[in-house]
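Worth knowing before you read on, the calculation uses all heavy atoms, side chains too, and leaves out hydrogens, waters and symmetry mates.
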Amino acid sequence: MRPSLQQRFRAWIAAPAYPWVTGGALTIGAVAELIAYPGSLTTVIGVLVSSSSLTWRRSFPPVAVVTVAAGLLGFAGDVSLYVSITVSGLIGFYTLGRYRVCHPAVTVAGGALGAVCVNLVHINTWSRMDLPVPPLWQKDSLSLFAESFLLTVVIFAAVMMGDAVRSREQSRHERNLAQAQLIAMERQQAAEAERAAIARELHDIVSHSVSMIAVQAESATYTTPGLTPEARDGFQQIAGTARSSMAELRRLLGVLRTPQAQGDTSLIAPQPTLDHLAELIEQHRAVGGEAELRITGERVSLPAAWELSAYRITQEALTNARKHAPGARTVVEIEYGTGRLLRLRIHDDGPGPEPRPGSGTGHGLTGMRERAALVGGRLSAGAGPGGGFLVEAELPWGTG
């Protein structure tokens, strides 16, 4: 897409060569004007200095003081106002306001004082030219200062225009800075959300596997006949190492987990699905647990995030059952309901929620609630109606 005329004009003004080109062109025009309309030595010096000094107005803005002073001096040296002085004076006062070399009120007051001085010089020149000039103390003499009033108005407009441009660019700079800070904050939050997602995945996967290692090692000491004392101690050491690894893992996850990073389903890698629930149940049975899977409704293919969330919730519930209710019978119910609502119900007949610290410092129940919230669902966990521990989740995955 080609840039517009306005965009090209702004780019040209912002170019480093712009003040040199305009200042040089104005100086050449001033020389041509002086050749066509010669003036006094004061006027010639004022016109040339005022025009040529503009070439440094961007690299050294205070030079605009020299520009306007030389312009007023050149105007005072001749009753005629040169076009080059008019242009250079306006640009000079604009530059003083644009870069705020001093406060705009001071700039306007100084310009007004200079205009009055020029006007007084002109009044004296008119008197020497035998023009009808009334004495300054008479009432009609106020009309002699119309020149000062007009110059002051023009100076005020040029300074205010420069100050307005400065304020607009400062606001744009602050807005860009705030936007950059916002982008940096969003990136930091995204990184924290990714760390939280990693923490959830590590807890769901690793804790499930390590807990099975601990349970299998402990059960092997009782189910394997003919074990020597050394082998029995070895299995116990394996179980102890697994439990200590779980404790270290929880401490590590406490570092990775951040409360700011929540609710971004794009950070969850779609790994297992509900088709793997049968394998999950078999793993639970392999380590001595009793579990039954009940599925009602017609199996539908859900979005990856829903499949993963449902699988992880079930996995965490079975892990908690092994940890807090070993030997208890667990029933996993999956219902593909109407209205595109997936219902999960994991219930065991263990001692109930009293000995379970999952709602405290652990990440088990918290992770399950986050899994449900990530897909717009809800999850409840607590005592079952007939005892034991019950986890219920509803995961809506669309509208019917």
Problem set entry | side-chain contact (heavy atoms from CB on, under 4.5 Å) assessment of Val106 paired with Val108 | CA-CA 6 Å; Val106 176; Val108 173; over 6 Å; no
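- Residue-environment remark: CE (Met161) stays at or below the threshold of 12 foreign heavy atoms within 6.0 Å.
- Of the possible donor and acceptor atoms, none in the side chain of Ser51 sits under 3.5 Å from a partner among the backbone N and O of Leu48.
- Salt bridge annotation for Glu292-Arg329: present, with a cationic side-chain nitrogen under 4.0 angstrom from a carboxylate oxygen.
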For this session: Begin from the C-alpha positions of Glu290 and Arg322 and carry the test salt bridge (charged side-chain N to carboxylate O under 4.0 Å, His left out) through to its verdict.
Result: CA-CA 10 Å; Glu290 295 185 22; Arg322 287 196 303 272; over 6 Å; no
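- Two residues are said to be in side-chain contact when any heavy atoms from C-beta on lie closer than 4.5 Å; Glu316 and Leu318 fail this criterion.
- Checking Glu392, Arg345, His347 one by one against Glu333, the side chain to side chain contact (heavy atoms under 4.5 Å, CB included) holds for a single residue, Arg345.
- Looking at Leu379 and Val391, their side chains come closer than 4.5 Å, going by heavy atoms from C-beta outward.
- Among Val375, Leu342, Leu274, the single residue meeting the side chain to side chain contact (heavy atoms under 4.5 Å, CB included) criterion with Glu307 is Leu274.
- For the pair Trp20/Trp56, a side-chain contact is recorded, criterion being any heavy-atom separation below 4.5 Å from C-beta on.
- By the 4.5 Å heavy-atom criterion applied to side chains, Gln170 and Val165 are not counted as neighbours.
- Thr107 has its side chain out of reach of Val101: every pair of non-hydrogen atoms, C-beta onward, lies at least 4.5 Å apart.
- Note that CD1 of Ile91 and CG of Leu96 are 12.0 Å apart. Values are rounded to the nearest 0.5 Å.
- The salt bridge (charged side-chain N to carboxylate O under 4.0 Å, His left out) check on Asp163 picks up Arg100, Arg166, with sequence neighbours excluded.
- Within the 3.5 Å criterion, the main-chain N or O of Phe75 finds a donor-acceptor partner in the side chain of His122.
- Of all heavy-atom pairs between Val63 and Ser53, the closest is CG1-O, 3.6 Å.
- At least one side-chain heavy atom of Tyr336 sits less than 4.5 Å from a side-chain heavy atom of Ile334.
- Between Arg98 and Glu169, at least one side-chain N (NZ, or NE/NH1/NH2) sits under 4.0 Å from a carboxylate O, which counts as a salt bridge.
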Exercise. Can you list the steps and then say if Thr296 with Glu335 is a side chain to side chain donor-acceptor pair (under 3.5 Å)?
Worked result: CA-CA 5 Å; Thr296 58; Glu335 178 184 356; 4.6 Å; no
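- Tested against Ile155, the residues Val159, Thr152, Val153 include a single side chain to side chain contact (heavy atoms under 4.5 Å, CB included) partner, Val159.
- The environment of Arg285 atom CZ is dense: over 12 non-hydrogen atoms of other residues, nucleotides or ligands sit within 6.0 angstrom.
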Problem set entry | Worked check of side chain to side chain donor-acceptor pair (under 3.5 Å) between His276 and Thr273 | CA-CA 6 Å; His276 298 85; Thr273 65; 3.2 Å; yes
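- Exactly one of Leu73, Val66, Thr67 qualifies for a side chain to side chain contact (heavy atoms under 4.5 Å, CB included) with Val49. That residue is Val66.
- In this structure, CG on Leu280 lies 9.5 Å from CG on Leu293, to the nearest 0.5 angstrom.
- Sorted by first and then second residue, the salt bridge (Lys or Arg N to Asp or Glu O under 4.0 Å) pairs with a member in residues 16-28 form an empty list; sequence neighbours excluded.
- Salt bridge status for Glu298 with Arg340: absent, with no side-chain N to carboxylate O gap under 4.0 Å.
- Not a single donor-acceptor pair under 3.5 Å links the side chain of His324 to the backbone N or O of Phe389.
- Atom CG of Leu177 and atom CD of Glu174 lie 8.0 Å apart (nearest 0.5 Å).
- Heavy-atom neighbours of Phe156 CZ from other residues, nucleotides or ligands within 6.0 Å: at or below the threshold of 12.
- Note that OG1 of Thr314 and CE of Met368 are 9.5 Å apart. Values are rounded to the nearest 0.5 Å.
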